[in-house]
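Single-structure report; data block below.
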Amino acid sequence: MVAVRAKALVKTYGSTRALDGVDLEIPSGKVLGLLGPNGAGKTTTVRILTTLLRPDSGEAEVAGHDVLADPDSVRRAIGLSGQYAAVDENLTGFENLYMVGRLYGSKKPAAKARARELLARFRLEDAADRPAKTYSGGMRRRLDLAGALVAEPTVVVLDEPTTGLDPRGRIDTWEVIKELVADGTTVLLTTQYLEEADQLCDSIIVIDKGKVIARGTADELKNQIGGERLELVVASPDDIPATVQVLTEVGSGTPSADSHTRKVDVLVEGGPKALIEALRRLDGQGITVQDVALHRPTLDDVFLSLTGHATDEGDAR
Ligand SMILES: Nc1ncnc2c1ncn2[C@@H]1O[C@H](COP(=O)(O)OP(=O)(O)OP(=O)(O)O)[C@@H](O)[C@H]1O
Ligand SMILES: [Mg+2]
């Protein structure tokens, strides 16, 4: 059973091709991660799948309903938490969730019970009766996420669900997503945090400039890069330029260096051999190495090698 299917989605804004033929499929009960740098087309994809935006061409089906022909049915089946929290500032946390429940047709007692349950699940009980405008950014984000779950949707779409959350809020959100999946919910999430995709997603799609540039499980993507990451810490910051030079020769990519931690790293093929070669050359130049390690590539490495730049985690919204 496929819960979400999109074929050849195209969306242009003037001369910008926000989406340039995106295909995706999510089997029922699975989590798909949509990764990509700023402006890649993640939110555009989310908006089309949640009926908020019409594509120029292409087709999509969510929970068995066509997003263009039958948007009402799609809306009834899904929960959406957008990139920017959509909560009513003047209502309390409780009222926000209660109202969503009533809008979905729940009776008053059921809507109240569901609101209380979700407030507890997102650690908002103490703030339940305060207007949302007094909430911190992270609390608002959690309230918005709770709002997406009120009607117990079979498909949940989350656009950067943990951006702006502190580590505790992020871990709580991951737990909620894992519980949803355990209950059989299908999840599409976009994220800038590759560790999040690694932890939660059954499969991952990387998009850039509106095109899918890679897809697979986290492991498949890591294996696609091949090799390992060689990391060295040199004793003196003065030795960093020479170390970068050695790793450029030994490695299979461009080394990165941090003068503060004195760490220099690079992707290498044939790990241990490259490590020994690097140490031999550094020793030959009288450079003292304090620490050395070989790691499997991370999703960050995958992302960097695919898009040529890292995700921008510092981007505050
Ligand atoms: N309403 C709009 N009008 C004009 N251009 C738009 C509009 N919405 C999106 N775009 C453009 O479409 C492209 C894709 O935008 P989109 O919001 O889907 O990216 P994103 O992957 O969600 O980025 P981010 O990580 O910053 O949220 C960008 O070039 C963006 O500037
Ligand atoms: Mg976005």
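Both ligands and their constituent atoms are indexed starting at 1 by order of listing.
- Interatomic distance, Thr134 OG1 to Arg140 CZ, rounded to the nearest 0.5 Å: 8.0 Å.
- Paired with Ser57 under the rule side chain to side chain contact (heavy atoms under 4.5 Å, CB included), one option of Leu19, Thr12, Val10 passes, and it is Val10.
- Rounded to the nearest 0.5 angstrom, Arg142 CZ and Leu124 CG are separated by 5.0 Å.
- For Lys178, the NZ atom counts as densely surrounded, since its 6.0 Å shell holds more than 12 non-hydrogen atoms of other residues, nucleotides or ligands.
- Close approach of ligand 1 to Gln192 is summarised as follows: ligand atoms under 4.0 Å from at least one heavy atom of the residue are 25 (O).
- Residue Gln83 approaches ligand 1 through these ligand atoms, each under 4.0 Å from one of its heavy atoms: 27 (O).
- Polar contact check, Ala18 against ligand 1: no nitrogen or oxygen pair lies under 3.5 Å apart.
- Between the side chains of Asp144 and Ser81, at least one donor N or O sits under 3.5 Å from an acceptor N or O.
- Atom NZ of Lys263 has 12 or fewer neighbouring heavy atoms from other residues, nucleotides or ligands inside a 6.0 Å radius.
- For the Mg ion (ligand 2), the N/O/S atoms of Gln83 include one lying under 2.8 Å.
- For the pair Arg47 and ligand 1, no heavy-atom separation below 4.0 Å is found.
- Listed by number with element, the atoms of ligand 1 under 4.0 Å from a non-hydrogen atom of Ala40 are 19 (O), 20 (P), 21 (O).
- Atom CG in Leu275 sits 5.0 Å away from atom CG in Leu230 (nearest 0.5 Å).
- Residue-ligand proximity: Gly36 is placed with every non-hydrogen atom at 4.0 Å or more from ligand 1.
- Note on ligand 1: Lys11 sits outside its first shell, no heavy atom being nearer than 4.0 Å.
- Under a 4.0 Å criterion applied to the non-hydrogen atoms of Glu160, ligand 1 contributes the atoms 25 (O), 27 (O).
- Using a cut-off of 2.8 Å, one finds that Thr43 contributes an N/O/S atom close to the Mg ion (ligand 2).
- Around CZ of Arg123, the count of heavy atoms belonging to other residues, nucleotides or ligands within 6.0 Å exceeds 12.
- Near Thr43, with a cut-off below 4.0 Å to any heavy atom, the atoms of ligand 1 are 17 (O), 18 (O), 20 (P), 22 (O), 27 (O).
- Among all heavy-atom pairs drawn from Ile204 and Leu32, the shortest one is N-CD1, 4.1 Å.
- Under 4.0 angstrom from ligand 1, the non-hydrogen atoms of Thr16 all belong to its side chain.
- Each of the atoms 14 (C), 15 (O), 16 (P), 18 (O) of ligand 1 lies under 4.0 Å from some heavy atom of Thr44.
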